Undergrad: 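I have a structure I would like to understand better, so I am pasting it below and will then ask my questions one at a time.
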Amino acid sequence: MTPTLTSFLRAVLHSYAMLFFSQHRGFAAVLLLVSFGHPVVGAAGLVSTCLAVAGAQLGGFNKEWTASGAYSFNALLTGLGLASFFAPGWGLAGLVVVGAGLALLLSVALGGWLGGRGLPFLSVPFVGTVWVLLLGAGPLLHLPAAESGIYWLNDAYALGGPRLATAAQWVGDWPWPPLLATYLRALSAVLFQDSALGGLLVAMGLLWHSRIAFSLSVLGFLGAYGLLLLTGPAGSGPPDYNLGANYVVAAVAVGGVFVIPSAASYGWALLSVPVTVVVLAGCTTVLDRLGLPALSLPYCATALLFLYALLLRERPGAGLVLTPIQRYSPERNLYAYATARVRLAHQGAVPLTLPFLGAWTCTQGYTDGGPTHLGDWGQALDFAITDADGRTYHGTGRALSDYYAYNKPVLAPADGVVQEVIQHIEDNAIGEVNTRENWGNTVVIRHAAGLFTQLSHLRAHSVPVKVGDYVRRGDIVGTCGSSGRSPEPHLHFQVQATPYLGSRTLAYPLAYFVAAAGVSAASIPAQPTPPSRKLRQQLAQSINLSASIYGQANAALDSPARMSYAPDGTTRPAETPAFAASQMPQLRHFAVPVAGEIVRPPTFNRTLSQALRLPPGYALDVRDAAAPTAPAQRWEVFTDAYNLAYLRCQRTGAVLYFGGDESVFYCTAFYGDESSWLFLLYQAAYRVPLADLPGQVVHDEFPLTVVHNPALTWAQDVLAPFYRFLRPTFWAEELPATAGHWPGGPVRLRSRVVVAGFGRAREVQAAELLFTEGRLAELRVRRATGSVTLTCSVAGA
């Protein structure tokens, strides 16, 4: 089968799956089968879908949207709908062809218009297309109406004679429990069918695709069924169709697809039911006068209303979070968000770095308790340089020049514009303070709207910049002094929302730094206690101040639960030697220094930095070391419509999304066949620090998709919006070099994936990665199913 035909067939299948916001091809096959419960209806839907996919491919429209079925599922609905309204014949065939083209054009147009506003176009193109054709082509062509009551039995008779017709009638007359039969018929009505058996297949396929979507479909159905028992039918259309295509699909959309599933989203889905009832009743009243059916318009109106209202919030809540990246599965959306909000919490934040060179000690951190950082000014940092004995000076310590920090350069923490410069205040004698000019000599820099940094207590007349100057990260903006309220030379650093001297402070993370316990804080563990809930909230609020420019940051700055794993798979506390000795320096990523820590800018590993800077067009040929003559798998780097980078395996079609910055490389998502070697890389290099720190250990949380026990994962899927009992964890360390270490030399990493739950931990994968000559050279993986060694070479080299 040629690649072109394969991509065409996948797009057709995805069109069916998109009826329930899915890309699950097995579920799509089930829906395709169910649509042929009425053969002519199913054939019309399939033909219309094929025409739309072919038109999208030939028309040069967005490849990703075409491949996902986003441009063609409305054509599918149009074909199904037209065949259920009109009797078969050449007139219907022509109408299906025209409808497929019109639905495609409306999908493209509305996709651009609504997509630019952050909204999906849902099935609005289908509704518009059917209305236009019903108003125009129906009377023009004088098409006879379909025999909806007995037509399906006629189809069965035509296909298989009296035996098939009898069997079909027997299935249709099966004594289903009334409530269950209504639910199943509602699901089949999404495909314009009226069959409890077809609905049972849809329900099973939906459960196969997503436990969360299935539970939301039941919730939406029961809410609508109960409400309609109390109020009566909300419209004149078929009740099964309204229950399925309006209430059920609306609940799935607003409760688990476009909103991250949670207890609040389930309540949001239930709230959509009475709104849909009112919208359906109003639409029906108006449309009956025009002779038009409401179709799925009430669902579209309700979903767009609910989603647009969430988009307009000034302070998005933690309970109702709009899905940042659509993965076409409520579970994948939830698990990706749960891990990304920790590991990618900095997205939307301006990367601030340490405002100095070399190692300095954090003498005062975020305390709310002093000695000088109090109340609204509590989220500030003080730094000084200390020696091996923890002293800040040499000699007698009576002169300013005795202090290690004095006259050391102070750097801009990020690019920005100088807003304020004060440099006329003389330095204090040791032990004296100037409370009249509390901040002393200061530079304030604007980095973004609502984001400023203040560097204070600088040496008099040491500032080389002036107001209005543009500075880059690392530029010298002064030298450390002892002006203002400063009994000895030190640097005061704070982040604030306004440009005024002494503005209240913001809790804001530094992009990256290396931290180790200081002499005066030997009792502090190498991995400090995570920030308090209050601090995390402050950090998130601070990051959100610049979200309008740098993108929304749904940040709850935290670190994963620290846990180490013994060779037997049992867990140990983080402070055991398996993770770090008390003095082991560790790379911190978007975190805040703690009082007593010695911090410094990292030195980046040249080999790792070069190997994991993967530009578009870069490609690797990957071979099994046990079969070096076998054809290689080629992994090539691309970027998608959102400028997100990913590796694609040409042989399997698997895709690995990745990201990072100067200090860390991380994998963000994997799609496709997990038997692909690319999935091994996804698990082996989930997070790789780029700092030159042999022996350091990093760890992170995996999404639950790495767990392959169906019973456990299905149980967790059902409970995931409310509680998670499985915790897949990744950890990695850089192994010491066997023949010395030099810049640009080979680097070997070891990583593990462990799933913890019910007080136990089980290793899923252990791997070693060898980087040499600026590329990934070798990947060794050990799993329960066996081991494999992969060798990598630059394609074309």
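All values reported here derive from a predicted model rather than from experimental measurement.
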Undergrad: Hydrogens and angles aside, do Y393 and D387 bring a side-chain donor and acceptor to less than 3.5 Å of each other?
TA: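 No pair is found: no donor N or O on one side chain lies under 3.5 Å from an acceptor on the other.
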
Undergrad: Closest approach of Y508 and L352, non-hydrogen atoms and distance?
TA: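 Minimum heavy-atom separation between Y508 and L352: CD2-CD1, 3.6 Å.
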
Undergrad: Do F702 and Y686 have their ring centres less than 6.0 Å from each other?
TA: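 Close enough - the centres of the two rings lie under 6.0 Å apart.
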
Undergrad: Keeping S503 on the side-chain end and L501 on the backbone end, is there a donor-acceptor pair under 3.5 Å?
TA: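 No; zero donor-acceptor contacts below 3.5 Å.
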
Undergrad: Would you confirm whether the ring centroid of H457 sits within less than 6.0 angstrom of the ring centroid of W439?
TA: no

Undergrad: Where do I476 and V410 land on the side chain to side chain contact (heavy atoms under 4.5 Å, CB included) test, with the steps shown first?
TA: CA-CA 6 Å; I476 296 176; V410 175; over 6 Å; no

Undergrad: Quick test of your reading of the model: are E733 and R752 salt-bridged, counting only N-O distances below 4.0 Å?
TA: no

Undergrad: Which atom pair, heavy atoms only, marks the closest approach of V259 to T323?
TA: N-OG1, 3.4 Å

Undergrad: Between D469 and K466 (salt bridge meaning N to carboxylate O under 4.0 Å), is one present in this structure?
TA: yes

Undergrad: Are H589 and R687 linked by a side-chain donor-acceptor pair shorter than 3.5 Å?
TA: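 R687 and H589 do have a side-chain donor-acceptor pair below 3.5 Å.
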
Undergrad: Go through the side-chain N and O atoms of T386 and T392 and say whether any donor and acceptor fall under 3.5 Å apart.
TA: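 No, because no side-chain N or O of T386 sits under 3.5 Å from a partner of the opposite role on T392.
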
Undergrad: Tell me whether Y308 at atom OH has more than 12 heavy atoms from other residues, nucleotides or ligands lying less than 6.0 Å away.
TA: no

Undergrad: Could you check F665, F638, Y666 and say which one makes a ring pair (Phe, Tyr, Trp, His ring centres under 6.0 Å) with F658?
TA: F665

Undergrad: Is it true that the side chains of N407 and T479 contain a donor and an acceptor less than 3.5 Å apart?
TA: yes

Undergrad: Does the side chain of Q454 come under 3.5 Å of the side chain of S456 through a donor N or O and an acceptor N or O?
TA: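 Judged by distance alone, the side chains do pair up.
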
Undergrad: With sequence neighbours left out, write down each residue that passes side-chain contact (heavy atoms from CB on, under 4.5 Å) with P602, or none if nothing qualifies.
TA: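 With neighbours one apart ignored, the set is Y512, V514, L587, F604, A691.
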
Undergrad: Could you go through the side chain to side chain contact (heavy atoms under 4.5 Å, CB included) check for R459 and Y406 one step at a time?
TA: CA-CA 8 Å; R459 185 174 65 84; Y406 186 71; 3.3 Å; yes

Undergrad: So, using ring-ring contact (aromatic ring centres under 6.0 Å, His included) as the criterion, who are the partners of Y335 when residues are at least two apart?
TA: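 Scan of Y335 (ring-ring contact (aromatic ring centres under 6.0 Å, His included), adjacent residues dropped) gives none.
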
Undergrad: Ignoring hydrogens and geometry, is there a side-chain-to-backbone donor-acceptor pair from N441 to L458 under 3.5 Å?
TA: yes

Undergrad: So, T435 versus R485: side-chain donor-acceptor pair below 3.5 Å or not?
TA: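 Looking only at side-chain atoms, R485 and T435 do not form any donor-acceptor pair under 3.5 Å.
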
Undergrad: Between H394 and Y404 (judged by ring centroids, cut-off 6.0 Å), do the two rings come close enough to count as a pair?
TA: yes

Undergrad: Salt bridge check: are R727 and E701 linked by an N-O gap of less than 4.0 Å?
TA: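 Looking at R727 and E701, the cut-off is met.
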
Undergrad: Can you name the nearest heavy-atom pair linking I445 to P413, along with the distance?
TA: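 The answer is CD1-CD, 4.3 Å.
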
Undergrad: Assess, by modelled atom type and distance only, whether the side chains of H492 and Q494 contain a donor and an acceptor separated by less than 3.5 Å.
TA: yes

Undergrad: Supply the atom-to-atom distance L656 CG to Y682 OH, rounded to the nearest 0.5 angstrom.
TA: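 Interatomic distance, L656 CG to Y682 OH, rounded to 0.5 Å: 8.0 Å.
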
